[in-house]
Novice: 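Input: one structure, supplied below.
For clarity, every value in this text was computed on a predicted model and none was experimentally measured.
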There are 2 protein chains.
Amino acid sequence: MAKFTKTDHCINCLDCNKNLPLLQLLSPSELEELNASRFEVKFKAGETIFKQGTSATHLLILTSGLAKFYVEGVQEKQLIIKIIKPWEIVGQASLYFDNRHHYSVAALVDCTACFIEIESFKKMIRQNSDFAEEFIKKCTQKGIYSFEKMVSLSQKQMHGRIADGLLYLSDRIYESDSFLLHLSRQDIADLTGMSKDSAIRILKEFHHEGIIELDGRKLNIINSEQLERISETG
Amino acid sequence: MAKFTKTDHCINCLDCNKNLPLLQLLSPSELEELNASRFEVKFKAGETIFKQGTSATHLLILTSGLAKFYVEGVQEKQLIIKIIKPWEIVGQASLYFDNRHHYSVAALVDCTACFIEIESFKKMIRQNSDFAEEFIKKCTQKGIYSFEKMVSLSQKQMHGRIADGLLYLSDRIYESDSFLLHLSRQDIADLTGMSKDSAIRILKEFHHEGIIELDGRKLNIINSEQLERISETG
DNA sequence: GTTATTTGTTGATAAATATCGATCTGAATT
DNA sequence: AATTCAGATCGATATTTATCAACAAATAAC
């Protein structure tokens, strides 16, 4: 009988605090408890991890891979709020509201997902105030990011929005000026709130102007200062 | 020498928990401590209460009046994130980030504002886990509202956005189908992410179609079901 | 390797929205 | 009552953006 390995990316939550600073605030026994409630599932690229509207019983932490976090808006359109990468806690919006997912999460590449039971997480919040405070910190920071995103979506025109999207990907997700894009053109459009055709056009324009180099999904940001300028002027 | 009255809307924080359920979770001594750190200021309509970019040392709770919570976007444009009414805690986004206001708040009518020192509030979060949990609840709920707003701003056209704005005002702010609007036409535009001229046009259209009655700032929503429909179809 | 099927690309056109200028209103001031 | 001034209004026009149709390229299925 094959040994049941919870994962090949992290042995257990006690080990995991290397990657997740928040967990360093928990005591060994608390970590043990969290570890007991968790389990891992592998997802293939394209598969849905959370589906908007279904009941939320667990928080999600990717231990490998990349996913999109999006809301299903009007007329089948998706709005990608953010890209999820490993070690970010996903699902706090559902912690206390109505136990429903108000967004969907889908794998952009093959992912390993660690699920943590909401109730044990809530228990940690209640019994460990350092943990609670650090968690509040994360929640409030996400609020500020939301404001920036709203400004981008509602006040900038397409060039500014694409610039914002590219800077977001390079600064916060890939942390490099040169990377292999895991998002389709449609995903880029959904991230920046425009049609796929328009997104393609602006990307091509940036390419022709020498601001970026884009060959299929190989993206190289050549002039990030100019992207910043375009982002600021809208 | 005139007696210094902290306010005529609430005597002190011990009294205030009638209006602010969150404070009911604090012990008398904790309320006393919070009360000691607070002070009140009156603002006239149009005055700025928080200015984006300045340092954040206090949280804000209106005890009377109405204010707009907005971010200053590109080219002097404002994006109104929400309307603030009494007893809502304003400013948590600045609690832990960089002690800067990332948004402005301005009085729409004469307001009485109660300021609570951020450090004492943080102390309550640390020492009272019920308080912390309830506060997290509020933070996460605001996240869900953000998602809805982003969908509205980025995926709906003007009719849908105006419908969303009107429903927001009637359902969540005025809690009535008929009210005196404290927002200018420009404010309506800033709330729904469009130009003032366009906002006026759509409002007139709704008026002519008998969905609303709008005379100056006297607004009466006649057919809210239809507004819902318009909101849903974008 | 060939055939489907998706994803990406482009130009032409249509629709949505902003901008501008002119005018109008009502409240505040003289 | 006349004057000023800010907000509101509206038509004409310009700009931005989406849509559509056609096709190319890449990928998956057979």
Novice: Ignoring backbone atoms, establish whether A:Lys204 has a side-chain N or O less than 4.0 Å from OP1 or OP2 of C:dT10.
Specialist: yes
Novice: Are the charged groups of B:Glu47 and B:Lys42 less than 4.0 angstrom apart, N to O?
Specialist: no
Novice: CD of B:Glu76 versus P of C:dA18: gap in Å, rounded?
Specialist: 18 Å
Novice: Rounded to the Å, how far apart are A:His208 NE2 and C:dT9 P?
Specialist: 10 Å
Novice: Round to the nearest Å and state the distance from B:Lys218 atom NZ to C:dT25 atom P.
Specialist: 18 Å
Novice: Flag the pair B:Arg172 and B:Glu88 as a salt bridge only when some basic side-chain nitrogen lies within less than 4.0 angstrom of an acidic carboxylate oxygen.
Specialist: no
Novice: Whole-Å distance between C:dT7 C1' and A:His182 NE2?
Specialist: 17 Å
Novice: Verify whether the ring centers belonging to A:Tyr145 and A:Tyr168 lie closer than 6.0 Å.
Specialist: yes
Novice: As a quick check of understanding, evaluate side-chain hydrogen bond (donor to acceptor under 3.5 Å, both in side chains) for A:Gln92 and A:Lys142, giving each step before the final call.
Specialist: CA-CA 11 Å; A:Gln92 64 256 52; A:Lys142 285 176 187 176; 3.3 Å; yes
Novice: Take atom CD1 of A:Ile202 and atom C1' of C:dT9, then tell me their distance rounded to the nearest Å.
Specialist: 14 Å
Novice: Would you kindly give the CG-to-P distance between A:Leu183 and C:dG8, to the nearest whole Å?
Specialist: 10 Å
Novice: So A:Phe147 and B:Phe69, would you call those rings parallel, tilted or perpendicular, with 30° and 60° as cut-offs?
Specialist: perpendicular
Novice: D:dA6 P sits how many Å from B:Arg217 CZ, rounded?
Specialist: 15 Å
Novice: Between A:Ile200 (CD1) and C:dT10 (P), how many Å, whole number?
Specialist: 8 Å
Novice: How would nucleotides 13-30 of chain D be written as a contact map, 5' to 3', with B for base contact, S for sugar-phosphate-only contact and - for no contact, using protein heavy atoms under 4.0 Å?
Specialist: ---SSBBB----------
Novice: Classify the ring geometry of B:His58 against B:Phe115: parallel below 30°, tilted from 30° to 60°, perpendicular beyond 60°.
Specialist: perpendicular
